[in-house]
S.K.: 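Right, I'll just put the structure down here and ask away after.
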Amino acid sequence: MRLLGYLSSLAVLSCFSLVDAVVPLSSVRRVSSTNVVPGRFIIEVADASQIPGKRSITNVHDLVFANLRKRGVNFKVDKQFNHPGLFTGAAVTLDNPSDIAQVQDTTGVVAVRPVTLIPPPKPVFSHVVTGPTDPAIPPDSESTHVLTGVDKLHAQGITGKGIKIGIIDTGIDWTHPVLGGAIGPGNKIIGGFDFVGDAYNGTNTPMPDDNPLDQCNGHGTHVAGIIGANPGNEFNISGVAFDASITAYRVFGCTGSVSDDILVEALLRGVSDGQDILTMSLGGSDGWTEDTVSVLSSRISDTGKIVTIAAGNDGDFGSFYSSGPGNAIDAISVASLDNTVIPLQNATVHGVAHDPIPYFELFPLNTTDSLPIFATSTDTTVVDDACNPLPDDTPDLSGFLTIIRRGTCTFVQKLTNAAAKGAQFVFIYDNGSGFAAIDTGNFTQATLIQAADGEFLVSQFAAKAPITISFPQIGGLFNFPDTSGGLISSFTSYGPTNDMFFKPAVAAPGGNILSTFPVPLGVFAILSGTSMATPFIAGSSALLMSVKGNSPAVGKSARTLFETTAQMVASSHTDGDPLQTVSQQGAGLVNVFNAIHTTTIVSPGELLLNDTAHFEGTQTFTITNNSPQPQTFKLSHIPAGTAVAIAPGDIFASPGPVPLTTQFANVRLSRTSVLIQPFQTASVTATITPPSGIDPSTFPVFSGFIQIESATETLHVTYLGVGNALKNKQVTDNTSELFGVPLPALLDSNGNVQNGTVSYTFVGADFPTILSRLTFGTPLLRVDLVSPNAKIQTTLNKRATPPGTFSSVPILGEVFEFDFIPRNSDATDAADNGFSTFAITTPTFTNGTTIPNGQYRLLFRALKVTGDRNTEGDFEIWLSPEFGVEVPK
Ligand SMILES: *[C@@H]1O[C@H](CO)[C@@H](O)[C@H](O)[C@H]1NC(C)=O
Ligand SMILES: *[C@@H]1O[C@H](CO)[C@@H](O)[C@H](O)[C@H]1NC(C)=O
Ligand SMILES: *[C@@H]1O[C@H](CO)[C@@H](O)[C@H](O)[C@H]1NC(C)=O
Ligand SMILES: *[C@@H]1O[C@H](CO)[C@@H](O)[C@H](O)[C@H]1NC(C)=O
Ligand SMILES: *[C@@H]1O[C@H](CO)[C@@H](O)[C@H](O)[C@H]1NC(C)=O
Ligand SMILES: *[C@@H]1O[C@H](CO)[C@@H](O)[C@H](O)[C@H]1NC(C)=O
Ligand SMILES: *[C@@H]1O[C@H](CO)[C@@H](O)[C@H](O)[C@H]1NC(C)=O
Ligand SMILES: *[C@@H]1O[C@H](CO)[C@@H](O)[C@H](O)[C@H]1NC(C)=O
Ligand SMILES: *[C@@H]1O[C@H](CO)[C@@H](O)[C@H](O)[C@H]1NC(C)=O
């Protein structure tokens, strides 16, 4: 998990390295690639009332700890959680991690989950602004409020007064003048707590204190400004709910990660401090709804608090890659919407009358000179301009703006050739109708312009016109109408979850957001990401509660209100293209004005159809007319594009943007029009069938809306399902695609695929490592030791093993077990979750018992989604080659 900010929509094109070549095995580090903290666990214990015969026990912790000690388990209690009804338990460090099996079996223990690490934010893009004349200031920072009706609510004096929001983040610079400049009762920032201290990095000891001040990271201060920036500042920005009361819970140090037990502590503290709303702009790939923080966030939502959580910035990795804790079933997971305009720079043309030339940069090219131009070709149809070294008679290009046509080779190749002749400032003009950020490597003074502008410049160069170009250092920024404006940001992670909940729930603006930043770090900054969309919904929630009250009933109604009154978002601006899949847009872009003022109440907001094996095709929803007039509602089906989740003919997810088809579900409504008297309710039944004629092996995620329209209001319910049984989805990669060798594989002590029978001493680096890659999430991944002669029917990369069943094979002992793990991405490195390694560094079973010397195989089993843990046919099975354990005596 990580903070979900800093990812610029402008930088998205170059921020992931997707698989296009085989990765050398030598790049694989032989360490286990998990985010689990060794030896640390969060144990959840039953409420005292749930322990038979123990109703009188007041401290259930003591009972459980006593039971553990009785079993000889030695442990240290790091934290106790005591919130009956929400979370009772403890974070513990075991002296012997293998005692975990005993902990699981202890009376009163209901769940044990490993403590996991949440990595730090990836600083991909952030810009600290220098002042009101900074060229990077978005010209219209209020456009996000206009898009969502927040401006109209502010005009009505609705500003979130009296509502309490807890921000769980890197802390807040409460000295910031636009955030009130103080902390404590009576201020905007009414309080907070620092759970970690500046020096905390996830692995060292947290040093808590009462002051959540952040003057070294900045993320939380930016989030706070989106909710609470006071209007009347030099940038003319304001928070969505600038009269709400904010509490800062600091869970990250200046750099590094945080362990999730600290998030549990922060959430529980937020509840006991009486926050109405808790917001978390953080998370990591997960795919499941079961991790500790997701489970707790959902329980908190069920009590009527509003919990908003970022959907994640992994849109490039395609479907079924939702983020935890954003997966929390009853919380609100938030997608990002691209603003309708992109702030881009204009260059000025001198010597010839011509309009300014837009170029795809947030910042001006760094020169105050007016540069003459040099085109590497005067042919504006050339397909491979500057792909080869430039001719010898090319002049020194250092004083020119070099003009090159796009095509054939990479931008970096062209720029390298131009740089060999001294070029520094380069315009690459498009070879079609494209206009986007391009990957120029470390050539920072090169950028893309549109085809027509490039052709104009080349014609002027050919005609030897006296043309020069300058790059205004101030005032060159303007609002280019964004071709993807009003669309879901491509970086937004796609759901659904592996258990078919739709995440994200709703969208809010999250790209190029100007907000507050710690005073020592620059006062204001522009950041992008679902991190920025999430506080927008937290602020919107405060507006809702400030009008309707902060009761649990209002809290519980919030997600449905936001969903049913949201605006459906298209997948492109091309006529005839379908709406964006619900698995990326959720129910659409929030319209806070409509959510608050609607007189029609529709519920539920989500129709979860599940997979074809658990299909819930008949769904009922109700419409309540809370207006004093009778209203006639017309009902209609508006499908969204069907997401081709798995690439056709492949076992891997289609990378984002996920292709959409127009094969839609069929929706039959029990009525298409209904007259409802004032303050009466009617119900409608929808019978939904999956699209026909679509390849089920692509696991098509179909979705859409049932629109409910009166003379004055338009609402919708949102449905989502998948056109196959998820149990049919292969979860383990058995191809050679990534490493050129079939997976899973057993790596030897040199990191090569084990060849023949090898024995390991487990001295130094002499141990085996399993290398695997999941093409889909699995509820259970287990590796056990078996005899070399075990007769097991494998399903993956079958070797010549005689048929048999694993229930009849003696399992010698368990070596690894992971519950509810996400699929891998299509990145080429372990850091971006491209593959997983399980290093067997010591010859021990998970219970700590030593594996005796001898000959063995490893039995690798991955349970398919919705599969039964006791049914062999529901697992994918691989048997490793035989190997010896030969620990020297
Ligand atoms: C965290 O900080 C400690 C020192 O307090 C250092 O030893 C450790 O290497 C750091 N860990 C990381 C991941 O940076
Ligand atoms: C500030 O924003 C308001 C809208 O919220 C707009 O009417 C006004 O013109 C803006 N002022 C400046 C100086 O940009
Ligand atoms: C920027 O250039 C475009 C295209 O020539 C033009 O329409 C726009 O008015 C210019 N804006 C500014 C602020 O120069
Ligand atoms: C712009 O160029 C000047 C001189 O080459 C350099 O000192 C400065 O750091 C550069 N500014 C940026 C933002 O790169
Ligand atoms: C432009 O160049 C790119 C990269 O070589 C190529 O994929 C694309 O087809 C070209 N477009 C046109 C319209 O020629
Ligand atoms: C440019 O970036 C590459 C890596 O992408 C690096 O190897 C190279 O040294 C860099 N060149 C310069 C001049 O910084
Ligand atoms: C879909 O069905 C599976 C299997 O019964 C279940 O675990 C899961 O919770 C269901 N999902 C939803 C959204 O109801
Ligand atoms: C495996 O070992 C055999 C015999 O030592 C050798 O001929 C063969 O090339 C090896 N295969 C690989 C893939 O290294
Ligand atoms: C640990 O597991 C192994 C293999 O299943 C078993 O033989 C051994 O008895 C277990 N040890 C304990 C202490 O439970």
Side-chain angles (χ1 to χ4, degrees), residues 71-73 96 98-105 135 137-140 287-290 298 320 322 327 329-330 341-349 353-361 364 435 449-450 452-453 456-457 469-472 474-481 495-503 505 582-583 604 606-617 619 701 703 718-722 724-727 777 779 782-787 810-817 820 843-852 854 856 859 863-869 874:
R71 292 168 152 251
V73 176
N96 179 357
S98 50
D99 283 343
I100 194 60
Q102 306 247 54
V103 176
Q104 246 142 357
D105 288 344
I137 299 293
D140 183 5
W288 295 98
T289 54
E290 336 278 354
S298 193
F320 291 101
S322 60
N327 287 339
I329 290 176
D330 290 323
V341 290
I342 325 177
L344 292 185
Q345 291 290 335
N346 261 351
T348 308
V349 179
H354 193 267
D355 286 341
I357 295 180
Y359 59 101
F360 217 94
E361 293 295 329
F435 196 39
I449 60 171
Q450 296 170 97
D453 289 327
F456 163 76
L457 290 175
I469 307 291
S470 68
F471 311 91
I474 288 174
L477 200 74
F478 76 108
N479 272 331
F480 186 82
T497 65
N498 296 324
D499 37 16
M500 292 304 294
F501 289 88
F502 81 66
K503 305 290 169 189
V582 166
S583 60
E606 303 182 353
L607 308 181
L608 302 171
L609 310 182
N610 218 329
D611 71 354
T612 53
H614 306 91
F615 199 62
E616 302 279 354
Q619 299 266 349
V701 175
S703 59
T718 305
Y719 68 85
L720 174 139
V722 63
N724 199 338
L726 290 180
K727 208 163 84 180
R782 241 192 108 133
V783 176
D784 291 279
L785 204 65
V786 295
S787 134
I811 303 294
L812 301 177
E814 187 192 79
V815 182
F816 281 118
E817 179 181 327
F820 299 111
T844 46
F845 297 110
T846 41
N847 71 1
T849 299
T850 301
I851 298 172
Y856 302 102
L859 171 63
L863 183 61
K864 292 190 266 189
V865 175
T866 73
D868 171 10
R869 291 175 178 235
D874 288 355

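Here, residue 1 is the first one in the sequence, and each next residue gets the next number. Remember, it's 1-based here, ligands and their atoms both numbered in the order they're listed.
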S.K.: With heavy-atom distances below 4.0 Å as the criterion, list the atoms of ligand 7 near Met500.
M.R.: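 Answer, ordered by atom number: 13 (C).
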S.K.: Treating Thr846 as the side-chain partner and Glu814 as the backbone partner, does any N or O pair qualify as donor plus acceptor under 3.5 Å?
M.R.: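 Yes; at least one donor-acceptor contact below 3.5 Å.
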S.K.: Do the ring centers of Tyr719 and Phe502 come within less than 6.0 Å of each other?
M.R.: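 Not close enough - the centres of the two rings lie 6.0 Å or further apart.
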S.K.: Can a donor-acceptor pair be found, under 3.5 Å and without considering hydrogens, that links the side chain of Gln619 to the backbone of Glu616?
M.R.: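 Present.
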S.K.: Just one of Val865, Asp874, Asp611, Thr612 clears the side-chain contact (heavy atoms from CB on, under 4.5 Å) bar with Lys727, so which one?
M.R.: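 Looking at Val865, Asp874, Asp611, Thr612, the match for Lys727 under the side-chain contact (heavy atoms from CB on, under 4.5 Å) is Asp874.
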S.K.: Going by the atom numbers of ligand 7, which of them fall below 4.0 Å from some non-hydrogen atom of Asn610?
M.R.: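 Counting atoms of ligand 7 from 1, those under 4.0 Å from Asn610 are 1 (C), 2 (O), 3 (C), 8 (C), 10 (C), 11 (N), 12 (C), 14 (O).
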S.K.: Hey, are Thr289 and Asn327 close enough side-chain-wise for a donor-acceptor pair under 3.5 Å?
M.R.: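 Note: Asn327 and Thr289 side chains miss the donor-acceptor criterion.
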S.K.: Answer yes or no: does an N/O atom from Pro356 fall short of 3.5 Å to an N/O atom of ligand 3?
M.R.: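 Yes, Pro356 has an N/O under 3.5 Å of an N/O on ligand 3.
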S.K.: Working to the nearest 0.5 angstrom, can you tell me the gap between Asn346 CG and Asp355 CG?
M.R.: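 Asn346 CG to Asp355 CG: 9.0 Å, rounded to 0.5 Å.
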S.K.: Does Thr844 reach the main-chain N or O of Gly848 with its side chain, forming a donor-acceptor pair under 3.5 Å?
M.R.: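 Looks like no, no N/O pair under 3.5 Å.
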S.K.: Quick one: does Asp355 get an N or O within less than 3.5 Å of an N or O on ligand 3?
M.R.: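 Looking only at distances, the answer is no, because the N/O contact criterion of under 3.5 Å is not met.
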S.K.: Quick one: does Ser703's side chain have a donor or acceptor within less than 3.5 Å of a partner on Leu720's backbone?
M.R.: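 Absent.
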S.K.: Regarding ligand 7, does Asp499 bring an N or O atom to under 3.5 Å of one of the ligand's N or O atoms?
M.R.: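 Indeed, backbone or side chain, Asp499 has an N or O that close.
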S.K.: Would you check ligand 9 and list the protein residues that come within less than 4.0 Å of it by any heavy atom, ordered by chain and number?
M.R.: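 Residues near ligand 9: Leu812, Gly813, Phe845, Asn847, Thr849.
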